[in-house]
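Below: the structure, in structure tokens.
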Amino acid sequence: MIQVQLPDGSIKPFPPGSTPRDVAAALGAGLARQAVAARIDGQLADLSTPLDRDCRVELITLDSPQGLEVYRHTAAHLMAHAVKDLYGDEVQVTIGPAIENGFYYDFYSERHTFSPEDFERIEARMTELAAADLPVVREEVSREQAIALFRSMGETYKVQLIEDLGEPRVSLYRQGDFVDLCRGPHLPSTGRLRAFKLTSVAGAYWRGDEKNAMLQRIYATAFPDKKELKAYLARLEEARKRDHRRLGRELDLFSFNEEAGAGLVIWHPKGALLRTILEDFERREHLKRGYDLVMGPQILRTELWKTSGHFDNYRENMYFTEVDGQSYGIKPMNCLSHMLIYKSHMRSYRDLPLRYFELGTVHRHEKSGVLHGLLRVRGFTQDDAHILCTPEQLDGEIKGVLEFVRDVMGIFGFEYEVEISTRPAKSIGSDLDWERATKALLQALDDVGLCYEINEGDGAFYGPKIDIKLKDALDRRWQCATIQCDFTLPERFDLTYVGKDGERHRPVMLHRVVLGAIERFIGVLIEHYAGNFPLWLAPVQAVVVNVTDNQAAYAEAVHRQLRAAGVRVKLDLRNEKLGFKIREAQFEKIPYMLVIGDKEMADGTVSPRYRSGQNLSPMTPDAFVQFVLDECKQYR
RNA sequence: GCCCACAUAGCUCAGAUGGUAGAGCGCAUCCUUGGUAAGGAUGAGGUCACCGGUUCAAAUCCGGUUGUGGGCUCCA
């Protein structure tokens with residue numbers, strides 16, 4: 001007998017050759033039904049893996065993230081199986097992993113291009129294969145055998161995968177006449193797959209390299225039962241209602257125009273006002289934290305972009321203009337003017353740190369395929385700052401920025417993910433610089449108490465960085481705040497300061513943004529609030545609505561009074577019923593509707609109705625002004 | 001930039017197999033003066049994204065351009 005230890009610490013004897021499935025069965029029928037895979041001494045394995053020695057066994061069930069991943073990975077195999085059945089020799093299989101909300105499988109084909117019209121057919125075949133309840137069987141073979149097998153099937157991508165894997169033995173999974181190279185684990189049979197749906201097709205480069213062949217990726221999702229699948233699709237539908245592109249139009253915030261050009265935002269009055277509110281907030285917050293407000297020109301001579309290195313490294317993304325034989329680059333970044341400001345004086349260590357802040361509008365020629373509403377545009381404004389300090393001040397400055405980011409994200413109620421990226425293979429600067437800067441970033445993250453992930457080798461070529469990512473309505477992540485150490489620019493512009501010792505030293509530079517790009521931030525913000533901006537941000541905070549023409553003059557007077565007091569208010573005197581006006585104000589997501597009827601007019605009050613439907617008791621216009629100002633002060 | 005799809009009124013969308021366009025909402029005018037999510041009547045809006053081709057005839061078929069959507073690569 002072998003001794004099997006369970007997660008609760010108990011130990012049970014089993015005959016050698018027993019499997020995790022036997023273990024599950026011994027523990028209960030319910031568990032046996034729910035189990036999809038197991039962890040044997042910490043290693044993921046199939047339920048059918050024979051146990052040949054004392055070990056720890058942990059069963060993985062469908063309700064765990066790993067269980068769902070196994071389920072979806074098997075669904076990916078089922079999809080590949082169906083595709084091979086239907087399109088046979090025209091299509092080669094490549095890889096097909098589970099992802100956040102489902103799975104995909106990449107196919108290569110010269111002869112067939114998949115389109116959504118194929119989905120129904122593929123799904124139908126998948127349903128048949130699932131109904132056949134084919135056992136999914138693991139098999140280990142030598143690398144040579146595997147290569148021979150896939151070569152005989154004409155699956156050249158699989159052959160390449162095995163060749164690059166460099167393992168002497170690989171595992172295969174068979175179901176019916178379909179076989180795939182796979183590490184596993186998998187569900188025991190295809191019949192376990194109950195609910196799946198193909199969602200989209202997309203191109204994807206083989207191994208994510210644009211120099212490689214373009215594969216056809218079919219995205220799909222799978223859930224343990226149909227109800228969950230339906231709920232997921234309903235959630236997607238809900239998310240679409242929060243899409244900032246849709247709300248941007250519905251709330252009349254911004255638009256794009258084909259004739260103006262792709263990726264160029266046209267801000268309508270309400271959007272421009274929202275943006276202005278954010279920008280005012282930023283200027284106040286930066287001044288509070290010891291930043292200096294600076295401004296630079298939109299275009300700078302091309303020679304200067306050569307000095308900075310942008311001409312060599314960033315030219316494809318830049319717009320240029322030439323007049324009178326003089327070439328200018330439209331700025332894609334704000335750092336140049338900031339360098340020039342630093343250089344305009346002799347600097348002492350006593351002047352440092354210097355923190356130059358600019359709401360800097362930049363233009364970048366982004367590839368046409370990447371543009372995405374406000375989240376990826378070609379002209380945008382960064383809340384950009386460059387901090388120049390002594391090496392000793394670096395830690396404190398990084399910490400200060402992180403606290404800044406944390407405080408600001410707290411005001412908006414954002415959850416965010418933090419990543420730190422370290423030195424890439426191709427980089428400049430001394431080992432000492434990199435080590436010091438990376439350590440400073442890590443130390444600051446720990447000091448501020450932020451959880452983070454490390455992306456080894458993902459830093460900029462000029463320095464390590466911290467990125468902060470926010471999620472949009474569809475859970476796609478967008479980089480907003482970033483803190484980057486830069487060793488090149490102080491060097492290239494020969495920035496110096498005079499130290500205590502009377503010698504010239506090189507300052508350290510931090511490049512950082514807090515919101516990132518105002519456009520992107522507003523995009524994420526719209527989805528975050530689903531268009532229901534808090535009072536302090538709402539471009540229209542209140543609308544004055546009269547019940548009948550009888551109160552028009554009083555309503556106008558109230559409107560004037562509120563506007564003069566700084567409340568962003570609009571007036572709706574239209575000849576419509578109160579219910580109709582309220583309905584429209586609801587659609588506009590205006591926080592407060594100030595109802596004025598004969599009662600309010602007689603009392604000199606307004607009756608505020610919050611967009612939740614809740615009524616405040618009637619109050620004087622003065623009291624409402626005070627209320628709004630108080631709420632805004634608390635960022636509510 | 002690459003792959004797939006899409007582009008009809010301000011918005012959301014109808015318009016088999018080619019025969020020069022329709023609805024709802026919105027908008028305008030009139031009636032209605034109505035207390036917390038739609039009062040009624042009438043009316044005006046479209047070079048069917050743009051350019052070219054096939055055809056007696058193109059919103060419809062083909063090609064290109066621009067823009068948009070979902071991805072890939074890249075990135076705030």
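As the structure is a computational prediction, the values presented were derived from the model and not from experiment.
With a cut-off of 3.5 Å on both pairing distances, rC74(B) has no Watson-Crick or G-U wobble partner at all.
Taking a cutoff of 4.0 Å between a charged side-chain nitrogen and a carboxylate oxygen, K241(A) and E238(A) qualify as a salt bridge. Salt bridge absent: K471(A) and E527(A) never bring a charged side-chain N and a carboxylate O closer than 4.0 Å. Taking the charged nitrogens against the carboxylate oxygens, K469(A) and E453(A) have no contact shorter than 4.0 Å, which rules out a salt bridge.
Within the 4.0 Å cut-off from OP1 or OP2 of rC4(B), not a single side-chain nitrogen or oxygen of R217(A) is found. In this structure, R476(A) reaches the rG70(B) phosphate: one of its side-chain N or O atoms is under 4.0 Å from OP1 or OP2. The phosphate of rG1(B) has OP1 or OP2 within less than 4.0 Å of a side-chain N or O from S368(A). One finds no side-chain N or O of Q479(A) lying less than 4.0 angstrom from the OP1 or OP2 phosphate oxygen of rC75(B).
Applying the 90° criterion around 0 to the glycosidic angle, rG45(B) comes out syn.
A donor-acceptor contact under 3.5 Å is not formed by the side chain of E259(A) with the base of rA49(B).
Ring pair Y87(A)/F107(A): centre-to-centre distance not below 6.0 Å.
Closest to the side chain of Y205(A), from the set rG35(B), rC11(B), rU73(B), is rU73(B). Side chain of T548(A), nearest nucleotide from rG35(B), rG34(B), rC4(B): rG34(B).
Within the nucleic acid shown, R245(A) comes within 4.0 Å of sugar-phosphate atoms alone, with no base atom in reach, counting heavy atoms only. Here D598(A) lies in heavy-atom contact (under 4.0 Å) with a base. Nucleic acid contact class of A204(A) (heavy atoms, under 4.0 Å, all strands): sugar-phosphate only.
Atom pair F114(A):CZ and rC3(B):P shows a separation of 17 Å (rounding to whole Å applied).
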